[in-house]
Amino acid sequence: PQTPNPKPQTPEFQGSINRDKGAKTMEMKRWVLGIDEAGRGPVLGPMVYAGFIWPENFEQAPSVAETNLNDSKKLSEKDREDLLVIFEKLKSEGEVDFETISISPEVISHHMLSEEKKSLNLLSEEAAYQLVRKFLAKGFNLTTVIIDTVGDENIYHSRISKEFSQTKLKFIVEPRADGTHKVVSAASVVAKVSRDRALRTWVFEEHIDGKDRYWNVGYPDEECNRWLVRNCHRVMGMPSLVRYSWKNAEDVINENMPKIKWSPYEHMVDDEDTLIQLRKTKNQFSLPKELLCKKLRQELMISDEIDLF
C-alpha cells in the first residue's frame with residue numbers, strides 16, 4: 001500500500017539551543033523577544049519589567065505548548081511559580097533566556113515628584129530599551145520585539161523604532177499582547193513572580209515591624225491603606241517601600257503628619273558658600289544635615305534626644 005502524504009503541519013521548533021556551541025548558535029537562530037511588566041498600579045514596591053527571548057516558532061515546542069502559559073493575571077500564584085520553574089530549566093539548557101529590570105519605588109517617586117517630571121510611561125519605555133540592548137549585547141540574532149504597550153501604541157512604536165533605527169529589528173507594540181503572544185505571556189509571568197517575591201522578601205531599612213505585611217500585594221485598597229496609616233511616622237513619613245507619588249500615599253501623609261511651614265532659614269547659616277548655594281537652589285532640604293535637624297526640631301518641637309536621621 002502507498003504511504004499517505006504527510007499531513008501539513010504548522011512550523012515547529014526543532015531541537016534545543018546548546019549554549020556550549022558558543023555565540024555562533026545564537027547568531028544562526030532567529031530570536032523573538034517579548035517584553036511586559038508587573039506592578040504598574042500598586043502603591044507599594046517596585047515595578048518590574050521582564051524580557052523573555054526564544055527562537056522563532058518555539059511556542060510550538062512541547063515544553064511550551066503543553067503548559068498553561070497565558071497572561072500572568074489569568075493564572076494562579078501556584079501556576080505562575082510552576083511555570084517559572086519550567087522557564088528556569090529551559091534557560092539552564094540554553095533553549096530560552098530572560099532578564100528583568102526592577103524600578104524601585106524610590107526611583108518612581110523621585111521622577112514623578114521632581115520639578116522635571118518623568119512619567120511612568122516614559123520610565124517603562126526606557127526599561128524596554130534597556131532590555132532590548134541587554135539581549136543584543138549577549139549576541140542573540142534578535143529579529144522581532146513584541147511589547148505590551150503602555151499608553152498609545154502608535155506613539156510607543158514610533159519612539160522605540162527611532163531609538164533602534166540603526167538595527168533591522170521589527171517592533172510589534174500592542175495592547176494586551178500578554179494574552180495574544182506567548183513570548184509576551186512568558187515575560188509577564190517572569191515579571192509578576194519576580195515582583196511578588198520582591199514584596200515577600202522586602203527588607204525594611206526603617207525601624208518598623210517587618211512582620212506586618214498585610215498589604216494585599218500593594219494595590220491601593222482599604223487593607224493597603226490601613227497598612228500605610230500604621231506605618232506612617234509622624235516626622236519621617238513612610239518606608240521606602242512606598243511610592244510617595246501615589247494619591248492615596250499623599251492622602252495618608254496629609255492626614256497623619258503635621259504641617260510644616262518653613263520659615264526663612266538664612267539666619268541659621270553662617271557659612272557664606274552654603275548661603276550662596278541655598279539661594280541658588282531655593283531648596284530647604286539642601287540644608288546641611290545638622291541644620292536641617294535643628295530646623296525640624298524647632299518647627300515640630302522635637303526633643304534633642306530623638307534621633308531624626
Side-chain angles (χ1 to χ4, degrees), residues 17 19 26 31-42 44-54 58 64 67 69-75 77-111 118 120-140 142 144-150 156 160 163-164 169 171 173 177-179 181-203 217-219 240-241 243:
I17 305 301
R19 291 278 172 83
M26 290 188 287
W31 296 79
V32 179
L33 171 64
I35 297 176
D36 198 12
E37 53 78 24
R40 182 177 176 80
L44 300 181
M47 179 170 69
V48 178
Y49 255 78
F52 199 106
I53 191 169
W54 62 32
F58 188 73
V64 175
T67 69
L69 179 59
N70 203 338
D71 171 9
S72 64
K73 294 185 288 295
K74 298 179 179 179
L75 300 171
E77 181 178 357
K78 183 181 185 305
D79 287 339
R80 293 192 295 265
E81 290 282 354
D82 290 345
L83 280 167
L84 189 61
V85 171
I86 294 172
F87 295 159
E88 287 171 340
K89 181 176 184 295
L90 291 172
K91 182 175 180 177
S92 70
E93 294 170 351
E95 294 189 341
V96 305
D97 198 1
F98 52 86
E99 294 277 356
T100 60
I101 291 175
S102 181
I103 307 174
S104 74
E106 291 174 299
V107 168
I108 293 171
S109 298
H110 168 75
H111 283 295
K118 185 180 288 187
L120 204 60
N121 283 0
L122 189 53
L123 287 173
S124 299
E125 288 183 22
E126 290 177 352
Y129 300 167
Q130 290 180 52
L131 287 167
V132 173
R133 292 192 181 100
K134 276 178 177 282
F135 289 106
L136 289 174
K138 284 185 172 185
F140 288 100
L142 182 58
T144 306
V145 180
I146 310 173
I147 305 172
D148 191 7
T149 189
V150 292
Y156 194 161
I160 196 168
E163 183 73 17
F164 293 94
L169 290 175
F171 289 97
V173 183
D178 50 359
H181 297 274
K182 291 297 185 183
V183 71
V184 184
S185 302
S188 76
V189 168
V190 171
K192 175 63 174 168
V193 175
S194 298
R195 177 185 143 78
D196 287 351
R197 288 180 177 178
L199 271 182
R200 284 199 302 270
T201 60
W202 188 271
V203 177
V217 303
Y219 281 91
S240 57
L241 177 68
R243 302 179 189 178

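Below, all heavy atoms of this structure are taken into account, side chains as well, without hydrogens, waters or symmetry copies. Here the structure is a predicted model, which is why all the values come from computation and not from measurement. Here, residue 1 is the first one in the sequence, and each next residue gets the next number.
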| task | Would you check, one step at a time, whether the test side chain to side chain contact (heavy atoms under 4.5 Å, CB included) holds for Ile147 with Val184? | result | CA-CA 7 Å; Ile147 305 172; Val184 184; over 6 Å; no
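- Atom-to-atom distance recorded for Ser92:OG and Phe87:CZ is 13.5 Å, nearest 0.5 angstrom.
- Using a 4.5 Å cut-off on side-chain heavy atoms (C-beta onward), Met47 and Leu120 make contact.
- Contact annotation: the side chain of Ile160 never approaches that of Glu125 to less than 4.5 Å [non-hydrogen atoms, C-beta and beyond].
- No side-chain heavy atom of Val32 sits less than 4.5 Å from a side-chain heavy atom of Ile53.
- Look at Lys78 and Asp82 and you find a salt bridge, because one of the NZ, NE, NH1 or NH2 atoms lies within 4.0 Å of a carboxylate O, short of that distance.
- Ile146 and Ala177 make their closest contact through CG2-CB, 4.4 Å (heavy atoms, listed as atom of the first residue, atom of the second, distance).
- Looking at every heavy atom in both residues, Leu199 comes nearest to Val217 through CD1-O, 3.6 Å.
- For Glu37 and Arg195, the salt-bridge test fails: no basic side-chain N is under 4.0 Å from an acidic carboxylate O.
- Two residues are said to be in side-chain contact when any heavy atoms from C-beta on lie closer than 4.5 Å; Phe164 and Phe171 meet this criterion.
- With salt bridges taken as basic N to acidic carboxylate O contacts below 4.0 Å, none links Arg133 and Glu99.
- Of the possible polar contacts, one joining the Arg243 side chain to the Pro46 backbone as a donor-acceptor pair under 3.5 Å is found.
- Remark: Lys89 engages Glu93 in a salt bridge, criterion side-chain N to carboxylate O under 4.0 Å.
- Side-chain atoms of Ser109 never come within 3.5 Å of backbone atoms of Glu106 as a donor-acceptor pair (strictly under, hydrogens ignored).
- Distance CG/Asp196 to OG/Ser72: 8.5 Å, rounded to 0.5 Å.
- The aromatic rings of Trp54 and Phe52 sit perpendicular to each other, their planes meeting at more than 60°, with 30° as the lower class boundary.
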| task | Assess whether side chain to side chain contact (heavy atoms under 4.5 Å, CB included) is satisfied between Trp202 and Ser240, documenting all intermediate values. | result | CA-CA 10 Å; Trp202 188 271; Ser240 57; 4.3 Å; yes
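- Taking CD1 from Ile103 and CD from Gln130, the interatomic distance works out to 7.5 Å, rounded to the nearest 0.5 Å.
- The structure places CG of Asp71 at 7.5 Å from CG of Asp36, a figure rounded to the nearest 0.5 Å.
- Proximity of a side-chain donor or acceptor of Lys91 to a complementary backbone N or O of Phe98 within less than 3.5 Å is detected.
- At distances below 3.5 Å, not a single donor-acceptor pair connects side-chain atoms of Lys192 with backbone N or O atoms of Arg80.
- Looking at Arg197 and Glu81, a side-chain N of the basic residue comes within less than 4.0 Å of a carboxylate O on the acidic one, giving a salt bridge.
- Although no hydrogens or angles enter the test, the distance criterion places no donor-acceptor pair under 3.5 Å between the side chain of Ser188 and the main chain of Asp178.
- A pairwise comparison of heavy atoms in Ala128 and Tyr156 identifies CB-OH, 3.3 Å as the closest pair.
- Side-chain atoms of Thr67 and Leu83, non-hydrogen and from C-beta on, do get closer than 4.5 Å to each other.
- At a threshold of 4.5 Å between non-hydrogen side-chain atoms, the residues Val48 and Ile101 do not count as touching.
- How far OH of Tyr49 is from CD1 of Ile35: 8.5 Å, rounded to the nearest 0.5 Å.
- How far OG of Ser185 is from CG of Asn70: 5.5 Å, rounded to the nearest 0.5 Å.
- Val64 pairs with exactly one of Ile86, Val96, Leu69 by the side chain to side chain contact (heavy atoms under 4.5 Å, CB included) rule, that one being Leu69.
- Annotation: side chain of Thr144 is not in contact with side chain of Leu33 (no heavy-atom distance under 4.5 Å).
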